Number of protein chains: 2
Amino acid sequence: MSTDSRTPAADSDLQRALDAVGDPVRRSILRQLADADPWTIACGQFDLPVAKSTLTHHFRSLVDAGLLEQRDEGNRRMNRLVRDEFDRRFPGLLDLVLDQ
Amino acid sequence: MSTDSRTPAADSDLQRALDAVGDPVRRSILRQLADADPWTIACGQFDLPVAKSTLTHHFRSLVDAGLLEQRDEGNRRMNRLVRDEFDRRFPGLLDLVLDQ
DNA sequence: TGGGATGTTCGATCATCGTCGAACATAGTC
DNA sequence: GACTATGTTCGACGATGATCGAACATCCCA
């Protein structure tokens, strides 16, 4: 028999979601987003011990997973946590990250 | 300032859980376990395209995360999925893996 | 128009992890 | 006791990804 008989697309989405949530820096980003109002935090305002370019890398990962939405406001790039759609696709996963 | 102000032990446990669940081979193991009765599958009986030594590696990861329990039966090492305790600590996470 | 602030891109580096085969250990079988 | 089956351990290898600094682009402001 073949290795697995689930839909490959679904597992690919799940993989992306788990990867996004599996990094401690990204979890910290998610928590800081959850503690603030939408569109109130710019990329450079996160409290994180990594370089700017590293942050950009993590943002891309979160956007790809559907967890982060970004919007340019003049000079700065504002961020918003996307809870609804992600919760619908992966119930409980984001809560798990935010609760602990 | 410090990165985060959650309990570090809790996040370490979460990290281990997400790591365990974040690998496709390990997810396949979990699904095959869920589809069978407890203690009915030996290590060598999983349908997976990896070497024996690789399997051992994955089993260790799952045991460390509290997802797998093993018991020696003569020649073979039997396996059981540990749902209750894991579901209590990380609600919804295992379901997410098994459903998709 | 020049300077500072904010982000991204790019290339390089480093660590981690999944992978394998060979060797070993142990248990069951003839 | 030999032989086979089942798993683990060990060392090596390769790919992936997190990280950084330097360079660049863009916007705001004086």
Side-chain angles (χ1 to χ4, degrees), chain A residues 3-4 8 11-33 36 39-65 67-81 97, chain B residues 2-4 11-33 36 39-65 67-81 97:
Chain A
T3 316
D4 222 69
D11 204 69
S12 156
D13 285 356
L14 178 61
Q15 183 71 63
R16 198 171 7 246
L18 291 175
D19 283 345
V21 151
D23 182 89
V25 172
R26 290 195 280 268
R27 283 199 298 276
S28 184
I29 293 176
L30 294 174
R31 286 163 183 159
Q32 294 182 44
L33 282 171
W39 305 123
T40 58
I41 305 189
C43 288
Q45 293 182 319
F46 288 91
D47 176 30
L48 289 167
V50 293
K52 284 192 307 174
S53 49
T54 304
L55 264 193
T56 300
H57 166 68
H58 287 303
F59 288 140
R60 176 163 37 235
S61 167
L62 291 173
V63 169
D64 287 348
L67 271 167
L68 181 65
E69 201 173 356
Q70 301 189 302
R71 169 213 287 176
D72 283 350
E73 270 184 21
N75 208 7
R76 315 190 305 165
R77 180 158 291 188
M78 310 305 291
N79 298 278
R80 168 193 165 242
L81 181 61
V97 172
Chain B
S2 82
T3 316
D4 222 68
D11 203 70
S12 158
D13 285 356
L14 178 61
Q15 183 71 64
R16 196 169 10 243
L18 291 174
D19 283 345
V21 151
D23 182 89
V25 172
R26 291 194 281 269
R27 283 199 298 276
S28 184
I29 293 177
L30 294 173
R31 288 163 182 158
Q32 295 182 45
L33 282 171
W39 305 123
T40 58
I41 305 187
C43 288
Q45 293 181 319
F46 289 90
D47 175 30
L48 288 167
V50 294
K52 284 192 307 173
S53 50
T54 304
L55 264 194
T56 300
H57 166 69
H58 287 303
F59 288 140
R60 177 163 38 237
S61 169
L62 291 173
V63 169
D64 286 349
L67 271 166
L68 181 65
E69 201 172 355
Q70 300 190 302
R71 168 214 285 177
D72 283 351
E73 270 184 22
N75 208 7
R76 317 190 304 165
R77 180 158 290 186
M78 310 305 290
N79 298 279
R80 168 192 163 240
L81 180 61
V97 172

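As a basis for the values below, the full set of heavy atoms in this structure was taken, side chains included, without hydrogen atoms, waters or symmetry mates. All values reported here derive from a predicted model rather than from experimental measurement. Chain A is the first sequence line, chain B the second, and so forth, proteins listed ahead of strands; every chain is numbered from 1.
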#### Entry: Ionic contact status for B:D64 with B:R16, cut-off 4.0 Å
no
### Task
Verify the distance criterion only: is there a donor paired with an acceptor across the side chains of B:R80 and B:Q70 at less than 3.5 Å?
no
### Query
C:dT19, D:dT19, C:dG7: which one has an atom nearest the side-chain heavy atoms of A:T54?
D:dT19
### Query
Roughly, in whole Å, what's the span from CD in A:Q45 to P in C:dA5?
15 Å
### Query
Would you say the side chains of B:Q15 and B:D19 form a donor-acceptor pair under 3.5 Å?
yes
### Task
Answer yes or no: is there a donor N or O on one side and an acceptor on the other, between the side chain of A:N79 and the main chain of A:R77, under 3.5 Å?
yes
### Query
Quick one: which of D:dC20, D:dC27, C:dG18 gets closest to the side chain of A:N75?
D:dC27
### Query
Does a side-chain N or O from B:R77 land closer than 4.0 Å to OP1 or OP2 of D:dT8, or not?
yes
### Summary
Closest of C:dC20, D:dT19, C:dG7 to the A:H57 side chain is D:dT19
### Task
For A:K52 and D:dG21, give me the distance from atom NZ to atom C1', rounded to whole Å.
10 Å
### Query
Thinking salt bridges, do B:D47 and B:R31 make one under a 4.0 Å N-O criterion?
no
### Summary
Rounded to whole Å, the CG-C1' distance (A:D23 to C:dT16) equals 12 Å
### Query
What is the distance, rounded to the nearest whole Å, between atom CG of A:D64 and atom C1' of D:dA18?
16 Å
### Message
Would you say B:R76 places a side-chain N or O within less than 4.0 Å of OP1 or OP2 belonging to C:dT26?
### Response
no
### Task
Specify the separation, in whole Å, of atom CZ of A:R71 and atom C1' of C:dG7.
17 Å
### Message
Please determine whether a side-chain nitrogen or oxygen atom of B:H58 lies at a distance below 4.0 Å from atom OP1 or OP2 of C:dC17.
### Response
no
### Query
Is the shortest side-chain N/O distance from A:T56 to OP1 or OP2 of C:dT8 below 4.0 Å?
yes
### Task
Find the distance A:Q15:CD to C:dC17:P and express it as a whole number of Å.
15 Å
### Spacing between B:R60 atom CZ and C:dG18 atom C1', to the nearest angstrom
12 Å
### Query
From the list C:dC20, D:dC20, D:dC28, which nucleotide is the closest neighbour of the side chain of B:A51?
C:dC20
### Query
Do the side-chain N or O atoms of A:S53 get closer than 4.0 angstrom to the phosphate oxygens (OP1, OP2) of D:dC20?
no
## Note on the structure
Taken to the nearest whole Å, CZ/B:R16 to P/C:dT16 is 16 Å
